[in-house]
Amino acid sequence: MLTALLLAVPGITALSSAARAADADLAVNGGFESGLSGWSCTAGSGTTVNSPVHSGGSALQATPAGSDNAQCAQTVIVQPGAQYTLSGYVRGSYVYLGASGTGTTDVSTWTQSAPDWQKLTTTFTTGASTTKVTIYTHGWYGAGAYYADDVSLVGPGVSTGQPPAVPTGLKTGTITSSSVALSWAAVTGATSYAVYRDGAKVQTATGTSATVTGLSASTGYSFQVTAANGAGESAKSAAVTATTSAGSPGGGSTDLPTHALVGYLHASFANGSGYTRLADVPDSWDVIDLAFGEPTSATSGDIRFNRCPVTECANVESDADFKAAIRAKQAAGKKVLISIGGANGQVQLTTTAARDTFVSSVSNIIDTYGLDGLDIDFEGHSLSLDTNDTDFKNPTTPVIVNLISALKTLKANYGSKFVLSMAPETFFVQMGYQFYGTGKFGGQDPRCGAYLPVIYALRDDLTLLHVQDYNSGPIMGLDNQYHSMGGADFHIAMTDMLLTGFPVAGDADDVFPPLRPDQVAIGMPASTNAGNGYVAPSEVTKALDCLTKKTNCGSYGTHGTWPALRGLMTWSVNWDRYSNWEFQRNFDAYFG
């Protein structure tokens with residue numbers, strides 16, 4: 001009977017076979033095996049993980065936050081008047097899968113709870129003139145992270161033909177000290193666009209505009225754009241140039257001098273350099289970091305600042321005199337900060353409770369002594385990245401996420417004049433050029449580059465970054481050569497990386513953007529007693545000449561000239577006093 005029926009309607013059988021032959025999976029990178037390529041996630045909410053996965057080696061993880069539901073989407077070229085089936089596997093609470101812009105009725109399907117992988121499927125028919133639709137996944141506000149994998153859109157495909165034409169009409173819009181807005185004319189057949197800065201791709205867009213951020217003030221840039229579809233990418237457009245404005249330095253640095261001298265003052269201990277009273281610190285020191293506030297335990301978040309006891313520091317001043325010295329320094333235009341951490345103060349904000357305790361306890365120290373802000377000197381094992389945390393722009397590791405949240409809260413509570421500085425070691429910053437966390441294949445030190453997400457997230461709030469260019473192993477610079485401590489070359493190469501930006505873990509599509517020069521000071525030991533990596537005043541001068549004037553550069557070629565470089569940081573005021581103020585005197589002689 002079945003055979004007879006099929007023979008009786010050959011036209012229907014032929015049509016069904018033709019339709020099935022034309023069907024294809026049109027979703028790009030639906031298994032997320034190529035990271036987020038082809039997908040765009042709101043507010044940086046998405047990342048890829050290697051566990052849990054439905055198949056292959058990767059899946060999407062997206063985390064709603066605040067008013068954002070963590071939507072990840074892509075635009076797909078379709079045929080008008082055709083039927084399509086959208087499906088995917090999801091995990092988590094309140095996970096949605098849908099399509100918009102169908103030209104008929106937009107569709108979505110969802111699950112309230114999927115503790116293990118669950119398949120969602122929906123179908124739609126495109127409108128008579130519909131040539132592209134947007135497929136998406138998203139979670140729900142406050143419901144936590146969700147996962148998606150093996151997303152497919154099956155239906156009649158469209159011949160991609162040739163790559164789109166070269167975009168025209170590229171022009172600049174609003175220009176600030178750290179960003180440039182761009183727009184261009186739409187290109188027929190383009191599904192996305194790529195923006196290039198000085199020849200390097202820095203971001204993608206689905207529309208005809210983009211804003212490039214993370215730029216340095218008073219700096220010229222060249223921009224181009226390309227169009228892309230399933231057949232490939234067009235050639236680059238004609239270039240437009242823009243020079244960022246001088247702007248007003250952020251992060252509470254508006255009333256710092258153009259060039260500042262930063263030093264750590266041993267306020268809670270003595271050691272071989274002896275105790276130095278705050279009132280006896282010379283006026284040359286513009287920022288004084290009180291070392292150190294330390295936690296009651298590594299994970300408590302409860303920071304205490306205990307001043308050096310008289311049994312250890314015989315000449316220690318009273319609390320009243322100490323507070324009076326702080327007020328006197330501030331009246332003279334100096335900044336006095338509490339520095340948290342140090343070599344012995346491991347701080348790991350593993351929980352939101354520890355985060356909140358950190359905020360309240362640090363606030364108590366700042367309020368008790370009337371301080372100007374906070375310095376983060378997390379060392380050792382305070383910061384490390386979880387195995388699946390591979391995107392510095394969207395960190396997921398609790399100790400990283402909670403620290404960022406805590407610092408943003410403190411900044412918001414105290415306002416624009418709050419001074420925020422950081423003093424990471426090279427291992428946590430510049431080492432990120434080669435390695436980031438445990439790496440895509442595991443086995444690396446999870447602390448590699450672990451400061452990068454913190455610096456990136458706080459870049460608009462950060463007053464000063466002074467990486468410790470000491471006690472460091474050899475670090476690869478942007479010239480792909482290893483540089484070692486002991487001369488100007490090391491400081492030049494390490495600072496050039498901060499002011500130029502660099503691909504993280506060698507990924508040209510994942511660039512840590514440059515900091516403003518007024519946010520950067522070079523960290524150096526004050527003397528041979530202070531730490532490994534001491535350089536003589538002549539080498540300090542060479543480094544400053546190269547970075548601010550592009551003279552005396554030696555073998556390393558910088559990628560720019562930064563006369564607005566903020567200055568120098570040293571460990572420490574006490575060790576410099578021990579060495580007859582050599583570091584301070586050299587700074588004064590250079591900057592006047």
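- Residues Val429 and Leu452 form a side-chain contact, since some pair of their non-hydrogen atoms from C-beta on lies under 4.5 Å apart.
- In terms of modelled atom types and a separation under 3.5 Å, the side chain of Tyr193 and the main chain of Ser209 share no donor-acceptor contact.
- More than 12 heavy atoms of other residues, nucleotides or ligands shown are found within 6.0 angstrom of NZ on Lys408.
- For Pro115 against Arg91, the heavy-atom pair with the smallest separation is O-NH2, 3.3 Å.
- The distance from the CD atom of Gln71 to the OG1 atom of Thr134 is 8.5 Å, given to the nearest 0.5 Å.
- Looking at Thr357 and Ser360, their side chains never bring a donor and an acceptor atom within 3.5 Å of each other.
- With contacts defined as side-chain heavy-atom distances shorter than 4.5 Å, the pair Ile338/Phe305 qualifies.
- Of all heavy-atom pairs spanning Gly46 and Leu60, the tightest one is CA-CD1, 4.3 Å.
- With rounding to the nearest 0.5 Å, the separation of NE2 in His138 from OG in Ser45 is 11.5 Å.
- Proximity of a side-chain donor or acceptor of Gln83 to a complementary backbone N or O of Gly155 within less than 3.5 Å is not detected.
- Between His54 and Trp117, the angle of the ring planes goes over 60°, which puts this pair in the perpendicular group of the 30/60° scheme.
- A 4.5 Å side-chain heavy-atom check between Tyr89 and Ser55 finds every atom pair outside the cut-off.
- In summary, the side chains of Thr111 and Gln118 do present a donor paired with an acceptor at a separation below 3.5 Å, with no hydrogens or angles considered.
- For the atom pair CG (Leu458) and CG (Leu410), the distance works out to 10.0 Å, reported to the nearest 0.5 Å.
- Taken to the nearest 0.5 Å, the CZ atom of Phe512 stands 7.0 Å off from the CG atom of Leu498.
- Taking the six-membered ring wherever Trp is involved, the centroid distance between the rings of Tyr146 and Trp140 does not fall below 6.0 Å.
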Residues Val467, Glu425; criterion side-chain contact (heavy atoms from CB on, under 4.5 Å); working and verdict:
CA-CA 6 Å; Val467 176; Glu425 297 161 287; 6.0 Å; no
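- Between Thr191 and Lys132, the closest side-chain pair of non-hydrogen atoms is not below 4.5 Å.
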Could you walk me through whether Val347 and Ile303 satisfy the side-chain contact (heavy atoms from CB on, under 4.5 Å) test, starting with their C-alpha distance in whole Å, then the side-chain angles of each, then the deciding distance to 0.1 Å, before giving a yes or no?
CA-CA 9 Å; Val347 182; Ile303 307 300; 4.3 Å; yes
Evaluate salt bridge (charged side-chain N to carboxylate O under 4.0 Å, His left out) for Asp302 paired with Arg304, printing each intermediate quantity in order.
CA-CA 7 Å; Asp302 188 6; Arg304 304 296 176 90; 2.7 Å; yes
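- Checking side-chain atoms of Thr438 against main-chain N and O of Gln444 turns up no donor-acceptor pair under 3.5 Å.
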For Val362 and Ile366, run side-chain contact (heavy atoms from CB on, under 4.5 Å): C-alpha distance rounded to whole Å, both residues' side-chain angles, the deciding distance at 0.1 Å, then the answer.
CA-CA 6 Å; Val362 170; Ile366 292 171; 3.8 Å; yes
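- Atoms CD and CE, from Gln430 and Met476 in turn, are 13.5 Å apart once rounded to the nearest 0.5 Å.
- Between Trp110 and Tyr94, the ring planes are parallel. Angles under 30° get that label, and only those over 60° would be called perpendicular.
- Put simply, the side chain of Gln224 gets close to the backbone of Ser237: a donor and an acceptor are under 3.5 Å apart.
- Using bins of under 30°, 30° to 60° and over 60° for the plane-to-plane angle, the ring pair Phe392/Tyr456 lands in the perpendicular bin.
- Looking only at distances, a side-chain donor or acceptor of Asp25 sits under 3.5 Å from a matching main-chain atom of Leu153.
- No side-chain donor-acceptor contact under 3.5 Å links Thr500 to the backbone of Met497.
- Between Asn29 and Ser37, the closest heavy-atom pair is ND2-O, 3.0 Å.
- Across all non-hydrogen atoms, the minimal contact from Thr296 to Ser300 is OG1-OG, 2.9 Å.
- Between the side chain of Ser384 and the main chain of His381, no donor-acceptor pair closer than 3.5 Å is present.
- Ring geometry for Tyr221 versus Phe223: interplanar angle of 30 to 60°, hence tilted.
- Distance OG1/Thr137 to CG/Leu97: 7.0 Å, rounded to 0.5 Å.
- Here the closest non-hydrogen pair linking Gly380 and Phe428 is O-CZ, 3.3 Å.
- In this model, a donor atom of one side chain and an acceptor atom of the other lie less than 3.5 Å apart for Thr226 and Glu233.
- Inter-residue side-chain proximity for Val133 and Thr130 is flagged as met; some heavy-atom pair is nearer than 4.5 Å.
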Would Leu499 and Val520 count as a side-chain contact (heavy atoms from CB on, under 4.5 Å) if you check the C-alpha gap in whole Å, the side-chain angles of each, and the deciding distance to 0.1 Å?
CA-CA 8 Å; Leu499 298 172; Val520 176; 3.7 Å; yes
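- The main-chain N or O of Val401 is never found under 3.5 Å from a side-chain atom of Ser405 such that the two would form a donor-acceptor pair.
- Summarising the geometry of Gln203 relative to Val212, their closest heavy-atom pair is OE1-CA, 3.6 Å, with the distance given to 0.1 Å.
- Asn50 and Ser58 are not linked by any side-chain donor-acceptor pair at a separation below 3.5 angstrom, with hydrogens and angles left out of the test.
- Defined by atom type and a distance below 3.5 Å, a donor-acceptor pair is present between the side-chain atoms of Ser152 and Ser87.
- When atom types are taken as modelled, the side chain of Asp391 and the backbone of Pro395 share no donor-acceptor pair closer than 3.5 angstrom.
- Tyr84 places a side-chain N or O within donor-acceptor distance of the main-chain N or O of Pro156, the cut-off being under 3.5 Å.
- Two residues are said to be in side-chain contact when any heavy atoms from C-beta on lie closer than 4.5 Å; Leu371 and Leu337 fail this criterion.
- A donor-acceptor contact under 3.5 angstrom links the side chains of Tyr147 and Gln61, judged on distance only.
- Within the 4.5 Å cutoff, side-chain heavy atoms of Val454 are placed close to those of Leu407.
- For the residue pair Ser363 / Asp367, no side-chain donor-acceptor distance below 3.5 Å is found, with atom types taken as modelled.
- A 4.5 Å side-chain heavy-atom check between Leu182 and Val225 finds every atom pair outside the cut-off.
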